[in-house]
Asker: 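Before we start, here is the structure in question, set down as structure tokens.
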Amino acid sequence: MRALVGASMSLFLAALLVTACATGSPTTTAPSTAAPSIAGLAGSVSPSGSASLFSPTDVAWLQLTVAMNERLLPVLDMVPSRTTDPAWQTFAARLGTAHRADLSTARRLLSESGAPATNPHEGHDMPGMVTEQELTTLRSVTGVAFQRLAGQHVRAHLQQAVRIAAAEQRNGGYPATTALATEVVRAGDAELTRLDRLTP
């Protein structure tokens with residue numbers, strides 16, 4: 001289970017991450033035993049300029065979004081070499097382009113917030129995050145077997161991304177951050193529908 005990081009995180013994110021850290025993932029791996037500190041989750045946000053407009057929830061959601069996207073992109077990048085299915089290749093290319101754009105936006109907003117550039121979720125295996133062990137397994141299979149496993153990880157990521165983005169919409173404070181969350185929800189729901197057609 002990947003729930004050990006939930007206690008300190010939920011103190012900071014309230015409704016945003018309580019669900020995020022209490023649910024499981026498509027495969028089970030040994031969890032991280034080191035829960036992030038509250039200070040580490042949101043960083044030290046500068047009180048000057050636009051940084052003062054970011055709420056702790058905004059910063060924490062952006063940090064988790066960066067961490068989740070960084071874990072998914074290696075899966076999407078594997079698709080061309082692990083399956084010849086054109087529908088899967090198109091799906092992965094589109095999703096990868098969108099996630100790289102979201103990642104760039106989230107990193108820019110984090111910089112504007114004054115939060116440290118370090119990843120407070122380094123080494124934490126949480127719902128929606130693909131682990132190194134799972135990546136190793138994906139590299140060992142091809143074709144339908146790869147599509148099945150990749151589909152499980154992509155689905156878990158998208159479901160979790162939509163869940164926490166919807167919470168950011170409700171609880172966030174900085175307009176550009178809640179706007180990004182709105183787009184993540186819209187795009188995530190659309191991609192889940194497309195994934196349903198790929199993996200019935």
Side-chain angles (χ1 to χ4, degrees), residues 2-3 5-26 36 38-47 49-73 76 91 94-117 119-121 124-130 153-196:
R2 302 175 181 181
V5 295
S8 61
M9 194 176 294
S10 60
L11 291 174
F12 206 48
L13 298 178
L16 177 61
L17 292 182
V18 169
T19 302
C21 297
T23 57
S25 65
I38 294 174
L41 285 171
S44 301
V45 179
S46 166
S50 63
S52 63
L53 303 177
F54 286 83
S55 73
T57 297
D58 294 328
V59 174
W61 177 72
L62 288 167
Q63 289 173 328
L64 184 54
T65 295
V66 167
M68 287 178 63
N69 284 11
E70 287 177 342
R71 295 282 191 96
L72 182 69
L73 287 171
L76 301 177
F91 174 79
R94 182 184 55 250
L95 193 59
T97 297
H99 273 58
R100 284 184 169 85
D102 289 348
L103 182 58
S104 177
T105 301
R107 285 172 173 163
R108 175 179 56 78
L109 289 169
L110 274 176
S111 178
E112 291 177 11
S113 78
N119 179 4
H121 300 292
H124 301 145
D125 295 331
M126 295 181 289
M129 289 187 180
V130 184
H153 295 309
V154 171
R155 185 180 304 281
H157 169 90
L158 290 172
Q159 289 173 338
Q160 189 69 358
V162 167
R163 184 178 297 120
I164 63 172
E168 163 63 16
Q169 284 181 288
R170 295 189 300 270
N171 301 307
Y174 190 59
T177 304
T178 56
L180 176 60
T182 298
E183 175 57 21
V184 169
V185 171
R186 184 202 65 77
D189 284 338
E191 294 299 348
L192 281 166
T193 298
R194 294 186 182 103
L195 183 60
D196 286 341

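We number each residue from 1, following the sequence as shown. Values below: all heavy atoms of this structure, side chains included; hydrogens, waters and symmetry mates excluded.
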Asker: Indicate whether the side chain of Thr105 and that of Asp102 have a donor and an acceptor atom separated by less than 3.5 Å.
Answerer: no

Asker: Are Thr182 and Gln169 linked by a side-chain donor-acceptor pair shorter than 3.5 Å?
Answerer: yes

Asker: What distance separates Glu112 CD from Asp58 CG, expressed to the nearest 0.5 Å?
Answerer: 11.5 Å

Asker: Could you grab the distance from atom CZ of Arg170 to atom CD of Glu168, nearest 0.5 Å is fine?
Answerer: 10.5 Å

Asker: Locate the shortest heavy-atom distance separating Ala165 from Ala181; write the atom from each residue and the value.
Answerer: O-CB, 3.4 Å

Asker: Where is the tightest heavy-atom contact between Gly173 and Ser55, given as atom of each residue plus distance?
Answerer: N-OG, 3.7 Å

Asker: To the nearest 0.5 angstrom, please state how far the CG atom of Leu73 sits from the CE atom of Met68.
Answerer: 11.5 Å

Asker: Please report the C-alpha distance between Thr193 and Asp196 in whole Å, then the side-chain angles of each, then the deciding distance to 0.1 Å, and finally whether the side chain to side chain donor-acceptor pair (under 3.5 Å) criterion is met.
Answerer: CA-CA 5 Å; Thr193 298; Asp196 286 341; 5.2 Å; no

Asker: By side chain to side chain donor-acceptor pair (under 3.5 Å), which residues pair with Thr65, not counting sequence neighbours?
Answerer: Trp61

Asker: For Ala101, is there any backbone N or O sitting under 3.5 Å from a side-chain donor or acceptor partner on Ser104?
Answerer: no

Asker: State, to 0.1 Å, how close Phe54 and Leu109 come at their nearest heavy-atom pair, and which atoms those are.
Answerer: CZ-O, 3.5 Å

Asker: Tell me the closest heavy-atom pair linking Pro127 and Gln160, and the distance in Å.
Answerer: O-CG, 3.5 Å

Asker: As a test of understanding, state which of Arg71, Glu191, His99 forms a side-chain hydrogen bond (donor to acceptor under 3.5 Å, both in side chains) with His157.
Answerer: His99

Asker: What's the spacing between His153 NE2 and Leu76 CG if we round to 0.5 Å?
Answerer: 11.5 Å

Asker: Can you tell me how far apart CG (Leu95) and CG (Leu195) are? Round to the nearest 0.5 Å.
Answerer: 9.0 Å

Asker: Does Ile164 reach the side chain of Val184, with side-chain heavy atoms less than 4.5 Å apart?
Answerer: no

Asker: Which heavy atom in Ala115 sits nearest to a heavy atom in Val59, and how many Å separate them?
Answerer: CB-CG1, 3.8 Å

Asker: Tell me, with the steps shown, if Leu180 and Leu62 meet side chain to side chain contact (heavy atoms under 4.5 Å, CB included).
Answerer: CA-CA 9 Å; Leu180 176 60; Leu62 288 167; 4.1 Å; yes

Asker: What is the distance from atom OG1 of Thr57 to atom OH of Tyr174, rounded to the nearest 0.5 Å?
Answerer: 16.0 Å

